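The figures that follow rest on heavy atoms only: side chains count, while hydrogens, waters and symmetry mates do not. What you see is a predicted model; the values in this text were computed from it and never measured. The chain is numbered in sequence order, starting from 1.
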Amino acid sequence: MSESLDERLAAARAARKEKEWVAHRLVEAQGDRSRLAAQLEVAAQLVSLASDKKERASAKAHHDGMKEELHAIEADLAQLTQRAATVAGAEAQYQAVLAEVERARGAGEFGEDLQLIAETDGKLRAARRELAEAIAAGRAAHDALVAVKQGASRSSMAAYASDQGSSLLDDLGASLLTSTAVDLSEHAVHEGLRAELAAAQHAMLKFQRECKDVAGDAGIEGVNVTPMPGLAAMVVRDLVWNTQGALADIGAEADMLSSYVATTTMELRARDAELQRGQADMLEMRAAILDPQRERL
């Protein structure tokens, strides 16, 4: 005998409540485990530092008791994790049953409210998709800038090694000689930095475009990122490859920009968290209309 819509709604509601409760208990249990694990380390040190047999026995008893408590928490966590897996899809199932309720019973007097909720949820979802793209571009730009910083450091070391090699040859009275191996190695390092600069320039431009595309209609303003200095300004002269100051400037610029990109990306993540909470509010408003008997944890 198949369940009625009301029965399936009640079951989905109960599973959703179970999911929320388990998630809450997991956070508590994980906190208890971290706290007790830290205390257990201190207790173990007290056992090793005890000066006489009586003190050592007392400290060991305390340590063993805490160890048993930690084992109990670990067992509780394992059970909670299993329960969490059982109801992992509870929210999606609950929303699916609510959709059936809406289709079966109609929106009635709440039709306009439900329509507005659906439209707002759609805007929030679209905004989060654009934010996800901007965040991914930010990570890529940050990684590319870190590579530039590392490349500038390698290039500076190669230039220094080349200078030292030339000085040594001069000291030996062979100023017209060159070291082909050193030259080739230095050239490869510098060419690597050129490629890293080009990649960083491309990644920064993409990040800037993605930030400008972030939806304004969801309360998010576009984020302007300072573009990376022109590639030509950095590599057009051969002087840049044997001037320690110029290479240091490239590394410092990349370091500054990577910090800026990281900060901007963190801001985007914070905004995404706000939108996620907004989506949760929309779901609760919808549930309040379609399932008045629901209970929140």
Side-chain angles (χ1 to χ4, degrees), residues 5 8-24 26-27 84-85 87-143 203-225 260-297:
L5 185 56
R8 287 194 290 116
L9 179 59
R13 185 192 305 130
R16 182 178 187 248
K17 185 178 180 181
E18 166 80 355
K19 182 177 185 293
E20 293 175 343
W21 182 86
V22 170
H24 181 72
L26 271 172
V27 171
V87 292
E91 181 63 35
Q93 180 60 29
Y94 179 68
Q95 295 302 325
V97 177
L98 284 184
E100 287 188 55
V101 171
E102 185 174 2
R103 288 193 298 270
R105 299 175 182 172
E109 61 180 304
F110 299 107
E112 291 185 5
D113 292 338
L114 288 171
Q115 180 63 29
L116 180 60
I117 289 171
E119 291 176 357
T120 303
D121 181 68
K123 290 180 180 179
L124 291 172
R125 289 178 185 276
R128 289 193 67 197
R129 284 195 296 270
E130 292 185 354
L131 273 172
E133 293 174 359
I135 290 169
R139 288 197 296 264
H142 181 268
D143 291 346
M204 284 290 292
L205 290 174
K206 182 177 180 180
F207 183 42
Q208 187 176 35
R209 286 195 301 270
E210 293 293 348
C211 286
K212 289 180 179 178
D213 288 342
V214 170
D217 58 359
I220 302 176
E221 298 179 358
V223 181
N224 293 320
V225 180
Y260 186 78
V261 168
T263 300
T264 303
T265 304
M266 288 178 63
E267 180 185 355
L268 293 174
R269 288 197 183 99
R271 291 177 176 182
D272 180 64
E274 292 176 4
L275 293 187
Q276 188 174 22
R277 288 191 291 270
Q279 278 188 284
D281 289 342
M282 292 299 104
L283 292 178
E284 286 300 326
M285 291 172 64
R286 180 169 177 262
I289 294 173
L290 297 172
D291 182 22
Q293 298 182 47
R294 85 200 191 292
E295 295 181 19
R296 298 187 65 179
L297 185 66

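- With sequence neighbours excluded, the residues forming a side chain to side chain donor-acceptor pair (under 3.5 Å) with Glu91 are Arg16, Gln95, listed by chain and number.
- For Leu5, the side-chain contact (heavy atoms from CB on, under 4.5 Å) criterion is met by Arg8, Val97, Glu100, Val101, Ala104, not counting sequence neighbours.
- The CG atom of Leu116 sits 11.0 Å away from atom CG of Asp121, with the distance rounded to the nearest 0.5 Å.
- Note that CZ of Arg269 and CE of Met266 are 8.0 Å apart. Values are rounded to the nearest 0.5 Å.
- Shown here for Thr265 and Arg139, the closest heavy-atom pair between the two residues is OG1-N, 4.5 Å.
- Interatomic distance, CD of Glu130 versus CG of Asp272, reported as 12.0 Å (0.5 Å rounding).
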Item checked: Chi angles and distances behind the side chain to side chain contact (heavy atoms under 4.5 Å, CB included) call for Met282, Met285 -> CA-CA 5 Å; Met282 292 299 104; Met285 291 172 64; 3.5 Å; yes

Next item on the list: Would you check, one step at a time, whether the test side chain to side chain contact (heavy atoms under 4.5 Å, CB included) holds for Ile289 with Glu102?
Entry: CA-CA 10 Å; Ile289 294 173; Glu102 185 174 2; over 6 Å; no

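- Closest approach of Glu210 and Ala134 over heavy atoms only: CB-CA, 3.7 Å.
- Here the CG-CD distance, from Leu114 to Glu119, works out to 11.5 Å after rounding to the nearest 0.5 Å.
- Across all their heavy atoms, Gly138 and Val261 have their closest contact at O-CG1, 3.3 Å.
- Among all heavy-atom pairs drawn from Ala287 and Tyr94, the shortest one is CB-OH, 3.6 Å.
- Checked for salt-bridge contact, Glu267 and Arg271 meet the test: a charged N lies under 4.0 Å from a carboxylate O.
- A side-chain contact (heavy atoms from CB on, under 4.5 Å) with Leu275 holds for exactly one of Lys123, Arg128, Arg125; it is Arg128.
- The heavy-atom pair separating Cys211 from Thr264 by the smallest distance is SG-CG2, 4.5 Å.
- Once rounded to the nearest 0.5 Å, the distance linking OG1 of Thr120 with CG of Asp281 reads 11.0 Å.
- Leu9 has its side chain out of reach of Leu290: every pair of non-hydrogen atoms, C-beta onward, lies at least 4.5 Å apart.
- How far CG of Leu124 is from CD of Gln276: 11.0 Å, rounded to the nearest 0.5 Å.
- Closest non-hydrogen pair, Val87 versus Lys19, comes out as O-CD, 3.3 Å.
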